[in-house]
Amino acid sequence: MTSLVRRRLTVHGIVQGVGFRPFVYGLATDLELAGFVGNDSIGVFVEVEGATTAVEAFARRLVAEAPPASLIDEVASTVLEPIGSYDFVILTSQPGSSTTLVSPDLDICDDCLAEMNDPQNRRHRYPFINCTNCGPRFSIIAETPYDRSSTTMAEFAMCTMCEAEYSDPFDRRFHAQPNACPTCGPEVWLVRDGAVVEGDSIAATRSIIASGGTVAIKGLGGFHLACDARSPAAVRQLRDRKGRAAKPFAVMAADLATAREIATVDETSADVLTSQAHPIVVMSARPASPLADAVAPGNKTIGVMLPYTPLHHLLMESGDVWVMTSGNRSSEPIVIENDSAADRLGELSDAQLLHNRSIQRPVDDSVVRSYGGGVSPIRRSRGFAPYPMRLGFESRPALAVGGELKATLAIAARSQAFMSQHIGDMENVETLDTFATTANDLSRLFRIDPEVLVCDRHPRYLSREWAYANADGRTVIEVQHHHAHIASLLAEHRRNEPVIGFAFDGTGYGLDGTIWGGEVLVGRLNGFERAGHLAAFELPGGDAAVARPYRTALSLLRRFGVPWDIGLPAVAAAGTTERGVLAHQIESGLNTVLTSSVGRLFDGVSSLAGVCQTVSYEGQAAIELEAIADFSMPGAPYEFAVVDVDGTLVVDPTPVVTAVARETLAGAAPGAISASFHRGLANAVRDVAVAVRDSTGISVAGLSGGVFQNAVLVELTVDALTAAGFDVLTHRYVPANDGGLALGQIALAAHIA
Ligand SMILES: [Zn+2]
Ligand SMILES: [Zn+2]
Ligand SMILES: [Zn+2]
């Protein structure tokens, strides 16, 4: 007779709402084990009793065969005395008090898609079909643990057939909390001019879009504004209505084959496009793309995603490419409610496709950029949030409030941090409201009561203001912007060793009160030293210079001793009067700020080379400069001068500014100038890194900050550093831009005494 054993296994990770308990039930039954499985706020717990070999097989297969949507973080195992259980049962959820994990939203699975397309299936063409392997999660969960009653599906009582699936341990919909069907579940309808359109709302939506109109479509984590991306008139109209002059729109292509008509989809990009998160992937646009130019003017890249909800699959047919931009008014948060759709999206759209499954919180589409066979995150939101980041250190319960643009929050306790979804630019009350709601939301969902708040030092950031206003006696820790960038990089790589960090971005408040953005920071999570930086120059009018890069260009010329030749596009762009004002401003320092920002240097070079004189969205001048870089043309890399000023390495762009002006006047192609500039900057990073390594022995280099979203620059810089023998860290999980700051803030706060 074989001996009986009993074991208790506790599984941590994404194990709720992903079919884990049914999977455990099936596995235990298969191995003829007795016991039970249940879940609480910590995760899933199992006790199994049976033959030794069967119990061992169970422990092994529990990890090896876990459901596709699950993510096992850790399995703890204890040996118990057998108690003579004779069957295996699933326990109902128990509320608990510890941290739990919440699954991100998942794209529709193949099984559900097949059922939806099957005329014999009872869910044929049903837009809310889902199962334990797919469907909404984070966007519908109000409370943890995850049960139907704590989701926005609570208001729909299941019909007997759905209930039967839900209760059958062998069914794919066993405990699928959003389970629904046409009889009992949510439905869609189309509203036009304030009235419900009778008949087939899907067909009606298609026909409005086909005839050049825009429809506001309620999706998974918010509304999209959709129009035909092949129609110049439709795209132009949407731009006019949204007041969005040039910022690229993302598109949804009906399928992978259609995506290949508009973009160069390499193997990695195809994998990411079809991954469970289904993010927007920014890829090289095909030169002969059939898309309207107004979709992404001045760009050589295009952001593409594939349909990820059943509704998208019903709406789109192979060959369709639609603009799918966040349903919001310019710079406001994405709309999630039917009522506000009429208010806020009514003027932006010809009709609204609504449904009655409420969205608990806004979750925008995620964005990754594809380059050099890999991808890097630009916006970490739907499909990723709120996956935890495992930290390489212990954190007190802490809330980090991020920066100002591309705001995200992070909450942490022990060895985990949870990054919020993308919130937006903190420029208006609506975004600030969403920000405050998200802070409370994270705290409640993950049961973390922050003891400290961490914010940026910038005295004018609304996030910092919010932290002080809501501190309520708790400690507020201020950390420097670029320190947080490099710390976010170390944290995501779970490293804490001395690094030579290059933090290049548009703007961040420096320790000396000037605007930093071209920083060489040496150190680790307990602090950094500013070992070097780009030579500072004046930004005449501050924000005015950001909006009009030619002002920055003129300042660069003046600061670095190059005459204002009227033959330069930048000089011509400023009228005589403005030039007079600028000259006075720069000389007197009146209403100017000093900056060492590489982002602004990009603006200036873009303007000098005649690429971009005014911008309508953040980073436009740099993005357009990157887009035209042409390495097939002759031209040596520009050379920055690196000078040691009292032990600080100052990267002096004088020779670069001089060369750009000279070559532009000589009629050089902007594409060649851009290529020489990118290569020169990459070489400067390498030279500085080598100099720091010589004096410190540190051979790890890290690249962070919004400038490093520039794929051309990242590739050149990584190549240059690698060739010089450096171990190079770049972002893989959190964005290089300010959307990643909150993680770095958490890391710094945990290491500052
Ligand atoms: Zn499914
Ligand atoms: Zn039903
Ligand atoms: Zn930044």
Side-chain angles (χ1 to χ4, degrees), residues 17-19 22 67-69 103 105-117 121-123 126-137 148 153 156-167 171-187 276 308-310 313 402-408 425 456-458 461 463 479-489 501-510 515-519 521 595-600 618-619 703-709 731 734-745:
V18 290
S103 169
D105 297 307
L106 307 167
D107 81 296
I108 183 172
C109 73
D110 292 344
D111 291 335
C112 285
L113 193 55
E115 287 176 0
M116 188 180 75
N117 291 328
N121 193 281
R122 71 189 189 92
R123 292 190 179 86
Y126 182 57
F128 301 94
I129 187 170
N130 68 83
C131 72
T132 47
N133 298 323
C134 74
R137 298 288 187 276
R148 190 177 180 99
M153 283 298 291
F156 298 95
M158 276 183 273
C159 67
T160 45
M161 287 178 86
C162 286
E163 185 73 55
E165 295 165 338
Y166 184 88
S167 315
D171 195 282
R172 203 171 87 247
R173 299 196 166 86
F174 178 61
H175 288 188
Q177 307 304 347
N179 190 27
C181 77
T183 312
C184 66
E187 54 191 349
Q276 214 154 42
Y308 53 85
T309 67
H313 282 278
E404 179 93 334
L405 298 177
K406 303 180 173 66
T408 52
D425 297 343
D456 195 279
R457 288 172 56 96
H458 200 303
Y461 276 6
S463 56
V479 299
Q480 201 277 328
H481 189 93
H482 303 92
H483 289 189
H485 272 308
I486 300 301
S488 75
L489 186 62
F502 293 86
F504 291 177
D505 62 5
T507 179
Y509 194 73
I515 299 299
W516 289 7
E519 310 312 308
L521 302 171
T595 186
S596 54
S597 162
V598 172
R600 296 290 86 81
E618 195 221 350
L703 310 178
S704 189
V707 166
F708 287 111
Q709 293 172 94
H731 285 284
V734 301
N737 61 45
D738 288 3
L741 278 181
L743 179 65
Q745 293 175 339

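In each ligand, atom 1 is the first atom listed, and ligand 1 is the first ligand listed. Every heavy atom of this structure was used, including side-chain atoms; hydrogens, water molecules and symmetry mates were not.
- Ring orientation note: the planes of H481 and Y461 are nearly perpendicular, at an angle over 60° on the 30°/60° scale.
- Note on D505: its N/O/S atom closest to the Zn ion (ligand 3) is OD2.
- A side chain to side chain contact (heavy atoms under 4.5 Å, CB included) with E519 is found for exactly one of S596, S704, S597, namely S596.
- Side chains of R122 and C162 form a contact here, defined as non-hydrogen atoms less than 4.5 Å apart.
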Apply side-chain contact (heavy atoms from CB on, under 4.5 Å) to the pair H485 and L741, showing each step before the final yes or no. CA-CA 6 Å; H485 272 308; L741 278 181; 3.7 Å; yes
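- Using modelled atom types, one finds no donor on one side chain facing an acceptor on the other under 3.5 Å when comparing T132 with H175.
- The angle subtended at the Zn ion (ligand 2) by SG of C159 and SG of C184 is 120°, given to the nearest 10°.
- In terms of modelled atom types and a separation under 3.5 Å, the side chain of Q745 and the main chain of G402 share a donor-acceptor contact.
- To the nearest 10 degrees, the Zn ion (ligand 3) sees NE2 of H481 and OD1 of D738 at an angle of 100°.
- In this structure the side chain of S488 reaches within 4.5 angstrom of the side chain of H731, judged on heavy atoms.
- For the Zn ion (ligand 1), the set of protein N/O/S atoms nearer than 2.8 Å consists of C109 SG, C112 SG, C131 SG, C134 SG, ordered by chain and number.
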